[in-house]
Chemist: 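Structure incoming, see below.
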Amino acid sequence: MANEKQYPMTAEGKRKLEEELVKLETETRKEIVERIKIARDFGDLSENAEYDSAKEEQAFLEGRISTLKSMIRNAVIISEDESDNSVVSLGKTVTFVEIINGKPSTDEESYTIVGSAEADPMEFRISNESPIAKGLLGRAEGEEVVVQTPGGEMKVKIISIK
């Protein structure tokens, strides 16, 4: 157990995982058990697509429940200390511009750096394990940083840290 992965996250992120776990254990699990029961009543289980589908969904659900329990158990709540905005760290929102041909772009990008459990790129929340976050972590406002991305190197200038 000492070697289990730790999951850095905000208190809000942990709360959301706990809510998802409760819903899966109380509502979703019951729905799937009921689907299995109904599918069993169709007869021969060896050629019962509804039964197979429900059992697969049950296996997926139990895997997700197990994952959530592990993430919650090994959560490391990151401090959302708003007073120290001197360097990019977990829980901070960093705004930067890409430097193209030696000139800063006018298009600013802002991302909040969170643990992998909370990452949601559509909400501009990127994992601390992502290439961009790895390149920005520990850097200060005004710094120019070369970030290694799957598409190649990208040079950026940090505009602000909040």
Chemist: Glu143 side chain to Ala140 main-chain N or O, any donor-acceptor pair under 3.5 Å?
Modeler: yes

Chemist: Heavy atoms only: give me the nearest Pro8-Asn128 pair and the separation to one decimal.
Modeler: CG-ND2, 4.1 Å

Chemist: Are Thr95 and Ser110 close enough, and set up right, to give a side-chain hydrogen bond (donor to acceptor under 3.5 Å, both in side chains), and what steps lead you there?
Modeler: CA-CA 4 Å; Thr95 301; Ser110 294; 2.6 Å; yes

Chemist: Please report the interatomic distance OG1(Thr67) to OH(Tyr7), rounded to the nearest 0.5 Å.
Modeler: 7.0 Å

Chemist: Does Thr106 reach the side chain of Val97, with side-chain heavy atoms less than 4.5 Å apart?
Modeler: no

Chemist: I'd like to know if Arg29 pairs up with Glu62 as an ion pair, taking the criterion as any Lys NZ or Arg NE/NH1/NH2 lying under 4.0 Å from an Asp or Glu carboxylate oxygen.
Modeler: yes

Chemist: Roughly how far apart are Glu25 CD and Ile65 CD1, rounded to 0.5 Å?
Modeler: 5.0 Å

Chemist: Using every non-hydrogen atom in the two residues, find where Val145 and Gly135 come nearest and quote the distance to one decimal.
Modeler: CG1-O, 3.1 Å

Chemist: NZ of Lys162 to CD of Glu141: how many Å apart, nearest 0.5 Å?
Modeler: 9.5 Å

Chemist: Can you name the nearest heavy-atom pair linking Ile158 to Phe96, along with the distance?
Modeler: CA-CB, 4.1 Å

Chemist: Test Tyr111 against Arg125 for side chain to side chain contact (heavy atoms under 4.5 Å, CB included), laying out the working first.
Modeler: CA-CA 6 Å; Tyr111 295 98; Arg125 298 171 66 83; over 6 Å; no

Chemist: Met9 vs Val114, test: side chain to side chain contact (heavy atoms under 4.5 Å, CB included). Steps then yes/no.
Modeler: CA-CA 6 Å; Met9 64 183 74; Val114 297; over 6 Å; no

Chemist: Please tabulate, for the side chains in residues 146-157, all donor-acceptor contacts under 3.5 angstrom to protein atoms that are two or more places apart in sequence or on a different chain.
Modeler:
{"unit_1": "Gln148", "atom_1": "NE2", "unit_2": "Glu153", "atom_2": "OE2", "d": "3.0"}
{"unit_1": "Thr149", "atom_1": "OG1", "unit_2": "Gly151", "atom_2": "N", "d": "3.4"}
{"unit_1": "Thr149", "atom_1": "OG1", "unit_2": "Gly152", "atom_2": "N", "d": "3.4"}
{"unit_1": "Thr149", "atom_1": "OG1", "unit_2": "Gly152", "atom_2": "O", "d": "2.5"}
{"unit_1": "Lys155", "atom_1": "NZ", "unit_2": "Glu144", "atom_2": "OE1", "d": "3.4"}

Chemist: Please report the closest heavy-atom contact between Lys92 and Ile161, naming both atoms and the distance.
Modeler: CB-CG2, 4.0 Å

Chemist: Under 4.5 Å between side-chain heavy atoms, hopping through other hydrophobics if needed: is there a path connecting Ile159 to Ile126?
Modeler: no

Chemist: According to a 4.5 Å side-chain heavy-atom criterion applied to Ile, Leu, Val, Met, Phe, Trp and Tyr, with indirect links allowed, do Leu136 and Phe124 form part of one hydrophobic cluster?
Modeler: yes

Chemist: Just wondering, do Asn74 and Lys5 contact through their side chains at under 4.5 Å, heavy atoms?
Modeler: no

Chemist: Search all heavy atoms of Leu90 against all heavy atoms of Leu137 and return the closest pair with its distance.
Modeler: N-CD2, 4.0 Å

Chemist: Identify whether Leu61 and Tyr51 are in the same connected component of the hydrophobic contact network (ILVMFWY, side-chain heavy atoms under 4.5 Å).
Modeler: yes

Chemist: Does a side-chain heavy-atom distance below 4.5 Å link Ile72 with Glu18?
Modeler: yes

Chemist: What's the shortest heavy-atom distance between Thr26 and Val22, and which atoms?
Modeler: OG1-O, 2.6 Å

Chemist: Yes or no on side chain to side chain contact (heavy atoms under 4.5 Å, CB included) for Thr10 and Ile77, after CA distance, side-chain angles and deciding distance?
Modeler: CA-CA 5 Å; Thr10 61; Ile77 304 301; over 6 Å; no

Chemist: Working to the nearest 0.5 Å, report the span between OG1 of Thr28 and CD of Gln58.
Modeler: 12.0 Å

Chemist: Side chain to side chain contact (heavy atoms under 4.5 Å, CB included), that's the test. Do Arg35 and Glu31 meet it? Break it down for me.
Modeler: CA-CA 6 Å; Arg35 281 188 48 219; Glu31 291 168 6; 5.8 Å; no

Chemist: Can you measure from NZ (Lys103) to CD1 (Ile99) and round to the nearest 0.5 angstrom?
Modeler: 12.5 Å

Chemist: For Leu17, which of Lys14, Arg15, Glu20, Glu19 qualifies under side-chain contact (heavy atoms from CB on, under 4.5 Å)?
Modeler: Glu20

Chemist: If only atom types and distance count, is the side chain of Ser130 paired as donor or acceptor with the main-chain N or O of Ser127 below 3.5 Å?
Modeler: yes

